[in-house]
Every structure is written in C-alpha cells, then in structure tokens.
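Worth saying up front: this structure is predicted, and the values here are computed from it rather than measured. Residue numbers start at 1 and run along the sequence shown.
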Amino acid sequence: MVNDSMNSSWQSTFQAIGRPLVDTTFVVIDLETTGGAPHLGAGITEIGAVKICRGETVGEFETFIDPGHPIPAYITELTSITDEMVFQSPTIAQVFPSLLEFLGHPDTTVLVAQNAPFDLSFLTHAARAHDFEWPKFPVLDTAIIARKVLTRDEVPNCKLGTLAEFFGTQTTPNHRALDDARATVDVFHGLLERLGSHDIYTLEELNNFGKKVKKPKSPE
C-alpha cells in the first residue's frame, strides 16, 4: 500500500523532470504578411511579440518590415497596412538579430502562436534565405491546445477571434501583429487555466496531452 505522501512525492518527482509551465518564459508571436506562403513569394510586413513569465508581460517587440515588393490590395484591406506604412522600414534581414535577441535561447524560451505553422514557415524561410540559424524553440499552438480543452458547445471553431471573444481578451484581434499577439496572450492564459484542471503542469505533459492511441482495426 502506498500512502498519500508517497504518491505526492512520486508526482512531484515526475513533474520535476519536465519544464514547469508556471516557471517557463513564453514569447507569443504574430506576423502580418503579403500572402499565404513564403515559398510563393510572400513576405513579412509586421512582427509583434509579447514575452511573458508567471502570468506577467516582461517585454514587447514590434516592427514594420519592408517585404521588398508591393502589398496586394486585398492584404491592405485585411490588415490596413499600406506600402506607405512599410516604406523605409527595415528588411527582415536587418530585423533578425534584434528579433533573435528578444526571443532568447530555446533552453529557456517557448514560442507560442495561433496557427503556429504559418508564422514559423515565414520565420524559418527568412532565416534560411538570409543565412541565420533558426533556434530549435519548443512551439505551442493555441489553436491546437484549444481543440483539446474546449468543446463545440463552448466555441464553434478555434479561430483567434472566436477564442478571444470566449476568453474576454483585453485586446480585440484586428490583423495587426502586436494586437493579435496581445490577444493570443490572454487566450493562452485562459487555456493554461483549463490545462490545470487536466493536471497538466509541465511542457512535456502538455506536448503529450491528448495524443490519440491508434486503435486496432476491426475484423472485416
């Protein structure tokens, strides 16, 4: 028979092996771009990022980027970012050193984004194009986490606007990088509270949470 103190000790030891979410530094990042895919020639027009730790904002990063080509009209209509706004802004190559400094080291920083593959595709593509080494940051996707902890009765979809409304974010998403990053911060905090109810307290537990076990095929 194992007593409660031994159970508690075992759980604490197990969780100590992982990276505690409560002590982790997260950088929530959002990009605005001229299109949907970097390999099709789209470029970054704006970067917004918020660094948080223990529920507090400890830094913000915001800059326009000169994408090197005109911004399509439909993108301007969506984001309100015009060619005039990015005129004489730094290129992504010029911004990368300061961005990497802000992000920090992958041993201490976890990146967070809404639909993370989109943002990461642009950042890693730009890193390769300009000979920067992209650090192997752990990455969390708020859309994926939301699908695991929220029900269809709570939200009809996991778009940022829907999640922002559900969690009552202080900033309304508006397709501008820093505002969307700030809204994602509030969504992320709401999701972390939900994860606590599932006894998810470390990064490793979160990464393993909700993984589906393949069921054997039924006999034909």
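Salt-bridge annotation for Asp179 and Arg182: present, with a side-chain N of the basic residue lying under 4.0 Å from a carboxylate O of the acidic one.
Glu46 places a side-chain N or O within donor-acceptor distance of the main-chain N or O of Ala177, the cut-off being under 3.5 Å. Thr91 places no side-chain N or O within donor-acceptor distance of the main-chain N or O of Asp66, the cut-off being under 3.5 Å. The closest donor-acceptor contact from the side chain of Asp141 to the backbone of Ala116 lies under 3.5 Å. A side-chain donor-acceptor contact under 3.5 Å links Arg194 to the backbone of Val149. The closest donor-acceptor contact from the side chain of Glu205 to the backbone of Tyr201 lies under 3.5 Å. With Thr169 contributing its side chain and Thr171 its backbone, the two residues share a donor-acceptor pair below 3.5 Å. At distances below 3.5 Å, at least one donor-acceptor pair connects side-chain atoms of Asp119 with backbone N or O atoms of Leu31. Put simply, the side chain of Glu62 never gets that close to the backbone of Ala49: no donor and acceptor are under 3.5 Å apart. The backbone N or O of Arg54 sits nowhere less than 3.5 Å from a side-chain atom of Asp23 that would complete a donor-acceptor pair. Using modelled atom types, no side-chain atom of Thr109 and backbone atom of Pro106 make a donor-acceptor pair closer than 3.5 Å.
Residues Val28 and Leu163 fall within the same hydrophobic cluster, defined by Ile, Leu, Val, Met, Phe, Trp and Tyr side chains chained together at heavy-atom separations under 4.5 Å. Val95 and Ile44 end up in the same hydrophobic cluster when Ile, Leu, Val, Met, Phe, Trp and Tyr side chains are linked at under 4.5 Å. There is no path of hydrophobic side-chain contacts, each under 4.5 Å, that joins Ile81 to Phe118. By the rule that hydrophobic residues join a cluster once side-chain heavy atoms approach within less than 4.5 Å of another member, Ile47 and Leu160 end up as members of separate clusters. In this structure, Ile52 is not a member of the same hydrophobic cluster as Phe102, with clusters built from ILVMFWY side-chain heavy atoms closer than 4.5 Å.
The nearest pair of heavy atoms linking Thr184 to Asp180 is OG1-O, 2.7 Å. The shortest heavy-atom contact between Ile65 and Pro67 is O-CD, 3.1 Å. In terms of heavy atoms, Ala113 sits closest to Ile29 at CB-O, 3.6 Å. In plain terms, the two heavy atoms of Cys158 and Ala146 that are nearest each other are SG-CB, 3.8 Å. Here the closest non-hydrogen pair linking Pro135 and Leu100 is CD-CD2, 3.8 Å. In terms of heavy atoms, Phe122 sits closest to Ala42 at CE2-O, 3.6 Å.
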Steps toward side-chain contact (heavy atoms from CB on, under 4.5 Å) verdict (Val50, Phe61)
CA-CA 6 Å; Val50 182; Phe61 183 97; over 6 Å; no
What's the verdict on ring-ring contact (aromatic ring centres under 6.0 Å, His included) for Phe96 and His130, showing C-alpha distance, side-chain angles and the deciding distance?
CA-CA 9 Å; Phe96 240 103; His130 300 288; 7.6 Å; no
side-chain contact (heavy atoms from CB on, under 4.5 Å) between Val139 and Val110, worked out:
CA-CA 6 Å; Val139 178; Val110 174; over 6 Å; no
With side-chain contact (heavy atoms from CB on, under 4.5 Å) as the test, would you mind laying out the steps for Trp134 and Leu120 before giving the verdict?
CA-CA 10 Å; Trp134 181 255; Leu120 267 293; 3.7 Å; yes
Can Phe167 and Leu150 be said to form a side-chain contact (heavy atoms from CB on, under 4.5 Å), step by step?
CA-CA 11 Å; Phe167 285 111; Leu150 300 178; 4.2 Å; yes
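Looking only at atom types and distance, the side chain of Glu32 has no donor-acceptor partner in the side chain of Thr45 under 3.5 Å away. Donor-acceptor pairing under 3.5 Å is recorded for the side chains of Asn157 and Thr162. Side-chain contact, Ser80 with His175: no donor N or O sits under 3.5 Å from an acceptor N or O.
Here Ile200 contributes atom CD1 and Leu21 contributes atom CG; the two are 8.5 Å apart, rounded to the nearest 0.5 Å. For the atom pair CG of Asp186 and CD of Gln170, the computed distance is 5.5 Å after rounding to the nearest 0.5 Å. Rounded to the nearest 0.5 Å, atoms NE2 (His69) and CG (Asp83) are 9.0 Å apart. If you take CG on Leu103 and CG on Leu123, they are separated by 8.0 Å, rounding to the nearest 0.5 Å. Distance check: Ile144 CD1 to Lys148 NZ gives 7.0 Å after rounding to the nearest 0.5 Å. The CG atom of Asp107 lies 12.0 Å from the OG1 atom of Thr25; values are rounded to the nearest 0.5 Å.
In this structure, the side chains of Asn207 and Leu140 come closer than 4.5 Å at one or more pairs of heavy atoms. Contact annotation: the side chain of Thr82 never approaches that of Ile71 to less than 4.5 Å [non-hydrogen atoms, C-beta and beyond]. Residues Thr24 and Cys53 have side chains not in contact (no heavy-atom distance under 4.5 Å, counting atoms from C-beta outward). Taking the side chain as every heavy atom from C-beta outward, Leu111 and Pro138 never approach each other to under 4.5 Å.
Counting non-hydrogen atoms of neighbouring residues, nucleotides and ligands closer than 6.0 angstrom, the CD atom of Glu60 exceeds 12 such neighbours. For Glu154, the CD atom is densely surrounded, since the number of other residues' heavy atoms within 6.0 Å is greater than 12.
Cation-pi geometry between Lys51 and Phe26 is not satisfied (NZ or CZ under 6.0 Å from the ring centre, within 45° of the ring normal).
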